[in-house]
Peer 1: 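Quick one: the structure is below, questions incoming.
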Amino acid sequence: MNHAHDPKAIGLYDVLDKNAHPVQPERRTILAQARLFFTFSHLSLQSDTLAYHHAAQITHDSLASFRKAPGLYRTAVSATGNPTGKAEDELATSYNQSFVILGLATWGRLHPDKDVTDEL
């Protein structure tokens, strides 16, 4: 996790190079965060590995920074969770949204005590 996460920033890095350095350390995309959210939530359901749950929690917590309205997420934000100011980063696409839905549904199975129905 040391290479994939900056504790002073939201989420996990989108891409690491072959030396495990972030390619775009100051930018996060909903597609990467939502895919990682789904993947780590699913891995947590399948194992007792705490690292998977921790990674799922980090990506779950990043979702609020992308939210434009309930159930609608912008394409990208800065590493601090602020809008980038670029029009293309404000777009919300159905492809990106589908991974948020997969992540939230899986997170809901992992945490049945947390109601994700409204966001879904």
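If you're wondering where the values come from, they're calculated on a predicted model, not measured in any experiment. All values below come from the heavy atoms of this structure, side chains included, with hydrogens, waters and symmetry mates left out.
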Peer 1: Please tabulate, for side-chain N and O atoms in residues 35-43, each donor-acceptor pair with protein atoms closer than 3.5 Å (sequence neighbours left out).
Peer 2:
residue	atom	partner	partner atom	Å
Arg35	NH2	Tyr95	OH	2.8
Thr39	OG1	Arg35	O	2.8
Ser41	OG	Phe37	O	2.8

Peer 1: Taking all atoms of both residues into account, what is the closest heavy-atom pair of Arg74 and Ser65, and its distance?
Peer 2: NH1-O, 3.5 Å

Peer 1: I need the minimum non-hydrogen distance between Glu119 and Gly71, along with the two atoms involved.
Peer 2: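 Looking at all heavy atoms of both residues, the closest pair is OE2-N, 2.8 Å.
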
Peer 1: From His3 NE2 over to Leu12 CG, what is the distance, rounded to the nearest 0.5 angstrom?
Peer 2: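 CG of Leu12 is found 13.5 Å from NE2 of His3.
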
Peer 1: Identify the heavy atoms of Ala79 and Ala9 that sit nearest to each other, and give their distance.
Peer 2: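 Scanning both residues completely, I find the closest heavy atoms to be O-CB, 3.2 Å.
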
Peer 1: Using 0.5 Å steps for rounding, measure from the CZ atom of Arg109 to the CG atom of Leu45.
Peer 2: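 Interatomic distance, Arg109 CZ to Leu45 CG, rounded to 0.5 Å: 5.0 Å.
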
Peer 1: Tyr52 and Ser47: which non-hydrogen atoms are nearest, and at how many Å?
Peer 2: CD1-OG, 3.3 Å

Peer 1: Evaluate Val77 against Arg27 for side chain to side chain contact (heavy atoms under 4.5 Å, CB included), listing each step before the verdict.
Peer 2: CA-CA 6 Å; Val77 296; Arg27 187 172 190 266; over 6 Å; no

Peer 1: With clusters defined by side-chain heavy atoms of hydrophobic residues (ILVMFWY) lying less than 4.5 Å apart, directly or transitively, does Leu31 cluster with Trp107?
Peer 2: no

Peer 1: Would Tyr13 and His5 satisfy side chain to side chain contact (heavy atoms under 4.5 Å, CB included), going step by step from the backbone distance to the final call?
Peer 2: CA-CA 6 Å; Tyr13 294 121; His5 175 63; 5.9 Å; no

Peer 1: Using only atom types and a distance under 3.5 Å, with no angle test, would you say the side chain of Arg28 pairs donor to acceptor with the backbone of Ile10?
Peer 2: yes

Peer 1: So does Lys86 have more than 12 non-hydrogen atoms from other groups sitting under 6.0 Å from NZ?
Peer 2: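 12 or below, so no.
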
Peer 1: Among Leu63, Thr29, Asn96, whose side chain to side chain contact (heavy atoms under 4.5 Å, CB included) with Tyr73 holds?
Peer 2: Leu63

Peer 1: Side chain to side chain contact (heavy atoms under 4.5 Å, CB included) for Asp14 and Gln33? Distances and angles first, verdict last.
Peer 2: CA-CA 7 Å; Asp14 283 21; Gln33 300 309 306; 3.3 Å; yes

Peer 1: Nearest 0.5 angstrom please: Ile30 CD1 to Thr75 OG1, how far?
Peer 2: 9.0 Å

Peer 1: Under 6.0 Å between ring centres, would you say that holds for His53 and His111?
Peer 2: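 Yes.
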
Peer 1: To the nearest 0.5 Å, tell me how far Ser78 OG sits from Glu26 CD.
Peer 2: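 The distance works out to 7.5 Å.
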
Peer 1: If you draw a 6.0 Å radius around CZ in Phe99, do more than 12 non-hydrogen atoms from other residues or ligands fall strictly inside?
Peer 2: yes

Peer 1: Find the distance between CG (Asp6) and CD1 (Ile58) and round it off to the nearest 0.5 Å.
Peer 2: 10.5 Å

Peer 1: Do other residues, nucleotides or ligands put more than 12 heavy atoms under 6.0 Å from the CG atom of Asp17?
Peer 2: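 Enclosed.
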
Peer 1: Return the CD to CG distance between Gln97 and Leu102, rounded to the nearest 0.5 Å.
Peer 2: 12.0 Å

Peer 1: Please answer whether the main-chain N or O of Gly108 pairs with a side-chain N or O of Lys114 as donor and acceptor at a distance below 3.5 Å.
Peer 2: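 The answer is no, because no donor-acceptor pair under 3.5 Å joins these two groups.
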
